[in-house]
Amino acid sequence: MSTDRYNARDAEPRWQAIWNERGIFRTRNDDPRPKFFVMEMFPYPSGRIHIGHGRNYVMGDVLARYKRMQGFNVLHPMGWDAFGLPAENAAIERGIHPKSWTYENIASMKEQLQLLGLSLDWNREIATCDPSYYVEQQRIFLDFLEKGLAYRKESEVNWDPVDNTVLANEQVIDGRGWRSGAVVERRKLSQWFFRITAFAQELLDALDTLDRWPDKVRLMQRNWIGRSEGLEVLFELSKGAVAAAGVPAVKVYTTRPDTLFGASFLALSPDHPLTQHLAATRPELAAFVADCKTGGTSAEAIETQEKKGFDTGLTVVHPLDPARTVPVYVANFVLMDYGTGAIFGCPAHDQRDLDFARKYGLTVTPVVLPPGADPAAFAVGEEAYDGEGTLYNSQFLDGLSIEAAKEQVARRLERFRVGEQPQGMRKVNFRLRDWGISRQRYWGCPIPIIHCPSCGPVPVPRDQLPVQLPDDVTFDRPGNPLDRAKAWRDVPCPKCGAPAKRETDTMDTFVDSSWYYLRYASDTVERPLDKAAVAHWLPVDQYIGGIEHAILHLLYSRFFTRALKACDRVNVAEPFAGLFTQGMIVHETYKDQEGRWLFPEEVKHLGTGKAVKIDTGEEVVVGPPEKMSKSKRNVVPPEVVADTYGVDTARWFMLSDTPPERDSEWTQSGIEGAWRFVQRVWRQVQEAIELGAPKGAEKPASFDAAATALRRAAHGLSHQVADDVERLRFNVAVAHVHEFANAFGQAIAAARAAAQVPADLAFALREAAEIVTRVVGPMTPHLAEECWAALGHDTLLAEAAWPLAEPDLLVENTITLPIQINGKKRDDIVVPREATAAEVEAAVLAMDSVRKALDGKPPKRIIVVPQRIVNVVA
RNA sequence: GCGGGUGUGGCGGAACCGGUAGACGCGACGGACUCAAAAUCCGUUUCUGGUGACAGAGUGUCGGUUCGAGUCCGACCACCCGCACCA
């Protein structure tokens, strides 16, 4: 018996060097084979990576290697999402220039990634902070500008009044600036926007075509786009109020016109023109509006703040009942950029309106009666009723369903006139807002615009692109260094030549990641966005990344391809045909008695669930598994795993046990189990070489039961693992390989026990070794190369074909059916595969156990599900 | 606050379209090999009762549909993710 261990530390670098030398993962655009484009979401170069980062790259790599074996021309690229806030924070905190910080991180992360043995085409590597990348992004911006897909408008930012700087949402903590601690204000700035709303309907409709996306992601996008059909309704101001308001009517948007008779107030956004008009002469309202401006701009901050209102004293006339008037409030929860910036409140049927009405003592009139409720007794307490029902308390709507009432109200108000306008207008609204891309920061793609006092914003002429970031900047003061970079900023207007200033805002980093997959398609720097290459490679066949990008990144990318298509730059609308969202790797956390975080390598587990610090023996507090993070020290560096067990072990472990879409826990015992299995595969292949037939031996004419069982197991393995990998069920693929190894082990033991190995078994052993080596190839590629070479091949396994299963070996001739009596399993029966339901029924009724259960009586019912189950109802 | 998800043995999890719950692995226990150990191999391992054959219970909780529910429906509980300037 060969007792040699598989030496990963020797084999892994050796095979990686050979793959590199032969350039086998380099992809050519003119390769005639069918294409397969697989990519993982590119990383932000934050520093060192930990093993938690590796999971999605390994999953993508398994698929890439598998598809290569299936004969595809695979594109599997990698790049760096290299612009962003952390680089500037490093500059502020440690005085390192964002550029050198970023490129140093890229260098070390690249080294770590290469360690994982990923079959990437590094020739197509990109970094979004590189001018050769962002020059094209600036061209795209100008294309969008020409097509009206980019424009400028006012929009609010988080403003830190002490540091005099704009804050990101994550820099606002409990409504205060993270560095200054000052209460944050919302302040308006003129900013650039991409008109994603122009595609709102199309982005919504096309979700139905994305059948290889998770349903939950499509649902999240659908809700985010938030299409609603409603009615815009004009509320005329009461006679005495028109003068004060300066306008004859207020327009509100509602999706529930059926509840109009339940209206008890109108609420205006603090930013509504009428609010602004009134506040100009009423200091107490101005103060209320100013108060509404404190706190962050995030939806979470706005929606969780206390609901507050201000009674303007004005009233409006009810559109369907001129005898009634309704008070007008200003409320902090009404958003100016959704609908018309004004709503009517129907407290009985909307929880937020109800809370507001209770707080300010407004009437609550139910107008929708739940099915079966008594109209005399039904009342709304602390919970609004938003279910189905019948209209009442609503004059001409009484007795109608909600849908019918909506229709009646719309028809009637469309006929009414307020001045020249119809009082009601049907309107489709989207929750989706245009995408604000301006960032008041240095480390991002410069927006190629020059602001001229007389010509306004002027595009930078295309022959002057890229507008490169100046290197000579300082981070010693808060604010955007580009505002202070005079030599860079002050330029003549391209139109009139007068002194002008560059746009100092840079682009949102989501812009960078909205088209990088298109850049990968091109194999030349000269044409970073190459229409023909995009037509060849897109859509991405399989995109793999975290669920945290379910909405923004993926929606922005879907918008980008459409916008680029409108500019005639590409021909593809949907960028990602297949999407997979993988879970994170989590790890236990450890704290010593003083509450300091400890690294896993400082801790030793005792059998009892307790753990101690290795050097002191002090007991350690073991916390639940959490996302790996530097701050909690629950990280495992890939180098350490590679040095101790080898990369293939780490890859195998990452694919094992946990379904890939779920969070997976990294454990020491798990990695040791993976290491044992890697060794087991190696040993079994060695033994099969020793006991089996030589390479190229002739196939025997027949196989006995033992040899056939092994052949069934091996051929079944290749069939099942292919299916598992296609469906990205890597944990099940791993289980199938384990199952095979158990069968392989028995066959090897049988061969070893025989005086002389029979020819059919010898052939089957050899065949099994050849099959399992190729099947594990995508998952443990270095081990597989080593086995492949040991089997006598002088080709690379990475370039071998997937083993084709013989169909005859995949079907069983007999089937074991479970027998249930009254839904409980009581027995089994073995029947021929092609037995009819009637034959099965007869056989079942003849069984002792069934006869006993029936006790001489005929069964009430008997259900035979062919090839599945039999249920006898006694 | 709004939107989305997850929940199965001691642990990670499997179970296809409603059809044998617990595949496979980890851990634990027992055995073989060994002078011994490591490594390896074999066996047992959901819970309760029983020496045993076996019986009963069991997929977060409560209820429903069905011949049959981890799977479908309703209500609830716990935890996780996103919310437009983190990436």
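All values derive from a computational prediction rather than experimental measurement. Worth knowing before you read on, the calculation uses all heavy atoms, side chains too, and leaves out hydrogens, waters and symmetry mates. In what follows, chains carry the letters A, B, and so on, assigned in the order in which the sequence lines appear, proteins first and then strands, with residues in each chain numbered from 1.
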For [X], report the nucleic acid contact type (base, sugar-phosphate, nothing); a contact means any heavy atom under 4.0 Å.
X         : answer
Asn742(A) : sugar-phosphate
Gln351(A) : nothing
Ser298(A) : sugar-phosphate
Gly436(A) : sugar-phosphate
Val873(A) : sugar-phosphate
Pro659(A) : sugar-phosphate
Phe510(A) : base
Arg222(A) : nothing
Arg729(A) : sugar-phosphate
Ile863(A) : base
Lys860(A) : nothing
Ile819(A) : nothing
Gly84(A)  : sugar-phosphate
Lys216(A) : sugar-phosphate

Distance, [atom1] atom - from [M] to [N], rounded to whole angstrom:
N      : M      : atom1 : value
U6(B)  : U45(B) : P     : 32 Å
C72(B) : C54(B) : C1'   : 34 Å
G60(B) : U8(B)  : C1'   : 10 Å
C17(B) : C24(B) : C1'   : 24 Å
C26(B) : G19(B) : P     : 29 Å

Look at the side chain of [X] and the base of [N], then say whether one donor and one acceptor between them are separated by less than 3.5 Å.
X         : N      : answer
Gln668(A) : C26(B) : no
Asp657(A) : G12(B) : yes
Glu170(A) : C85(B) : no
Asn169(A) : C85(B) : no

Worksheet item: Is the distance between the ring centroids of Tyr133(A) and Trp515(A) less than 6.0 Å?
Response: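 Ring centres of Trp515(A) and Tyr133(A) closer than 6.0 Å.
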Worksheet item: Are Trp675(A) and Phe653(A) an aromatic pair by the rule of ring centers under 6.0 Å?
Response: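 That pair fails the under 6.0 Å test.
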Worksheet entry | Partners meeting side chain to side chain contact (heavy atoms under 4.5 Å, CB included) with Glu303(A) (sequence neighbours left out) |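 For Glu303(A), the residues satisfying side chain to side chain contact (heavy atoms under 4.5 Å, CB included) (neighbours in sequence not counted) are Ala299(A).
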Worksheet entry | Six-ring centre of Phe356(A), Lys307(A) cation under 6.0 angstrom, axis tolerance 45° |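 Cation-pi check for Lys307(A) and Phe356(A): fails.
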Fill in: Parallel, tilted or perpendicular, as decided by the 30° and 60° cut-offs, for the rings of His553(A) and His549(A)
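Judged by the thresholds at 30° and 60°, the geometry between His549(A) and His553(A) is perpendicular.
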Discussion item. If I take atom CD in residue Glu739(A) and atom P in nucleotide G25(B), what distance separates them, rounded to the nearest angstrom?
Written reply: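 In whole Å, G25(B) P lies 8 Å from Glu739(A) CD.
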Closer than 4.0 Å, any side-chain N/O of [X] to the OP1 or OP2 of [N]?
X         : N      : value
Arg662(A) : A14(B) : yes
Arg683(A) : C41(B) : yes
Asn223(A) : G4(B)  : yes

Worksheet item: What pattern of brackets, bars and dots sums up RNA chain B from 5' to 3', given Watson-Crick or G-U wobble pairs under 3.5 Å, [ ] for crossing pairs and | for another strand?
Response: (((((((..(((......[....)))((((((.......))))))((((....))))..(((((..]....))))))))))))....
Discussion item. Walk me through whether Thr102(A) and Trp443(A) qualify under side-chain hydrogen bond (donor to acceptor under 3.5 Å, both in side chains).
Written reply: CA-CA 10 Å; Thr102(A) 301; Trp443(A) 195 233; 3.3 Å; yes
Worksheet item: Under 3.5 Å, is there a donor-acceptor pair linking the side chains of Gln686(A) and Glu690(A)?
Response: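 No pair is found: no donor N or O on one side chain lies under 3.5 Å from an acceptor on the other.
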Discussion item. Could you check whether Asp160(A) and Ser180(A), counting side-chain N and O atoms only, form a donor-acceptor pair closer than 3.5 Å?
Written reply: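 Yes, because at least one side-chain N or O of Ser180(A) sits under 3.5 Å from a partner of the opposite role on Asp160(A).
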Fill in: Lys/Arg N to Asp/Glu carboxylate O, Lys216(A) vs Glu661(A), below 4.0 Å
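Salt bridge flag = no for Glu661(A) with Lys216(A).
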